[in-house]
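Report on the structure given below.
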Number of protein chains: 2
Amino acid sequence: MRVFRLQGYHHSSMADLARACGVQKAHMYYYFENKEALMRAVLEAVLSYAEARVFPLAYEDERSPEARIEDIIGQLRRLLAMDQGGCLMANTALEVSHLQPAPDFLAVVRAFFEQLLDALTHLLKHILPPEAAQSQAETQVAALEGALLLSQVYEDPAYFERGLERLSALFTPIA
Amino acid sequence: MRVFRLQGYHHSSMADLARACGVQKAHMYYYFENKEALMRAVLEAVLSYAEARVFPLAYEDERSPEARIEDIIGQLRRLLAMDQGGCLMANTALEVSHLQPAPDFLAVVRAFFEQLLDALTHLLKHILPPEAAQSQAETQVAALEGALLLSQVYEDPAYFERGLERLSALFTPIA
DNA sequence: GTCTATACTTGGATAGAC
DNA sequence: GTCTATCCAAGTATAGAC
């Protein structure tokens with residue numbers, strides 16, 4: 001996961017990946033059919049983590065929206081840490097989305113963003129009408145990923161931090 | 001440029017690039033020292049275009065901000081067309097920003113975003129206090145690139161279109 | 001300036017011993 | 001389940017004829 005995040009899909013060789021795992025290159029093929037299957041497994045691991053520890057936070061309806069968004073932001077800060085390669089889902093999407101044929105692991109990327117959008121939409125419905133909530137969730141996910149991009153361009157985590165703050169601010173208006 | 005946008009930097013081979021240019025692979029080395037120099041030249045061509053035809057639109061102070069932002073949006077729609085590979089600057093940044101050593105063409109990417117941010121900040125100063133203008137420019141560039149990402153993830157130009165509309169709407173409040 | 005031919009390296013993947 | 005050895009294709013880059 002670390003290698004793919006830092007070096008990208010195509011630039012990560014099976015040798016790089018094997019070294020990071022502390023095994024011989026050939027041994028990778030005992031567990032994974034090929035490089036694409038390995039990437040799929042990595043992306044599925046990220047998705048599983050988010051499904052277990054991040055998205056559910058949004059649906060804890062007995063807690064306040066403010067508290068829930070703060071927890072989610074904390075998780076996103078770790079999951080997308082810019083100094084560890086940023087967002088693997090976004091990096092991968094931009095690197096392979098136009099390839100023909102498209103690698104099948106793109107479906108995992110889509111599932112990730114869909115669930116992230118749904119989770120945020122659910123939270124925003126507490127402070128906005130349903131339609132506006134969906135639109136605002138889309139805006140916020142885009143703004144967050146874009147802020148992460150700027151952080152990587154300028155090697156400055158502040159852009160991403162400000163993106164997280166703007167998301168947080170939505171739930172703590174003035175008061 | 002087309003090949004790099006669609007396939008990414010590392011996945012584009014000199015053979016791919018030569019074919020797209022209609023010359024033999026070896027001939028590419030007559031014009032460019034290596035693949036990295038070729039990528040630099042491509043990025044510089046994009047930057048030059050933006051410096052000549054896009055950014056200056058923001059500074060035509062005799063025209064209304066609304067008119068200027070509409071022209072800029074029109075240019076961005078073409079320059080970042082999602083079905084042609086999206087934003088080469090963003091794609092490239094995410095693909096190579098964590099490599100060590102970092103390719104020197106990253107400086108061109110930084111220059112592009114810096115000038116885009118400056119241009120948007122200048123325009124926003126017509127409707128916001130200076131400090132808020134800078135902050136809002138950062139937010140809008142991030143939101144736009146993020147919207148483009150979502151368009152590529154879902155193969156749906158609508159996300160990017162809505163991003164452009166939200167930018168446009170900033171300059172035409174209610175009225 | 002453009003081509004053919006080719007050197008040299010790396011990359012993905014397999015075979016088979018242990 | 002892990003290793004060594006190896007195959008073959010693709011990749012970057014160069015040499016040299018025309």
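We name chains A, B, ... by the order of the sequence lines, and we start the count at 1 in each one.
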Which nucleotide wins on minimum distance to the side chain of B:H27, given the candidates C:dT2, C:dA13, D:dT2?
C:dT2

Within less than 4.0 Å of OP1 or OP2 of C:dA13, is there a side-chain N or O belonging to A:Y29?
yes

Interatomic distance where CG belongs to A:L17 and P belongs to C:dT10 [whole Å]:
17 Å

Rounded to whole Å, please give me the gap between CE in A:M14 and C1' in D:dA10.
17 Å

In whole angstroms, how far is the P atom of C:dG11 from the CG atom of A:D16?
6 Å

Aromatic centroids of A:H11 and B:H10 separated by under 6.0 Å:
yes

Round to a whole Å and report the spacing from CD of A:E36 to P of C:dG11.
19 Å

Check this for me: does any side-chain nitrogen of one of B:E155 and A:R110 sit under 4.0 Å from a carboxylate oxygen of the other?
yes

Rounded distance (Å) that lies between atom C1' of D:dT14 and atom CD of B:E33
13 Å

Answer yes when A:E44 and A:R40 have at least one side-chain N-carboxylate O distance shorter than 4.0 Å, and no when they do not.
yes

State, yes or no, whether a side-chain contact exists between A:F112 and A:E51 at a heavy-atom distance under 4.5 Å.
no

For the side chain of A:K25, counting heavy atoms from C-beta on, which of C:dC3, C:dT2, C:dG12 is nearest?
C:dG12

Separation of B:Y9 atom OH from D:dG11 atom P, in whole Å?
14 Å

May I have the distance from A:R19 (atom CZ) to C:dG11 (atom C1'), rounded to whole angstrom?
13 Å

Between B:Y30 and C:dC3, is there a contact of a side-chain N or O with OP1 or OP2 at under 4.0 Å?
no

To the nearest angstrom, how far is B:F32 atom CZ from D:dT14 atom P?
15 Å

A cation-pi test, strictly: NZ or CZ of B:R162 under 6.0 Å from the centre of the six-membered ring of B:F160 and no more than 45 degrees from its axis. Yes or no?
no

Would you indicate which nucleotide in C:dT14, D:dT2, C:dG12 comes nearest to any side-chain atom of A:A26?
C:dT14

From D:dT12, D:dT4, C:dT4, nucleotide with atom closest to B:Q24 side chain:
C:dT4

Residue B:K35, side-chain atoms from C-beta onward, closest of C:dC3, D:dT12, D:dG1:
D:dT12

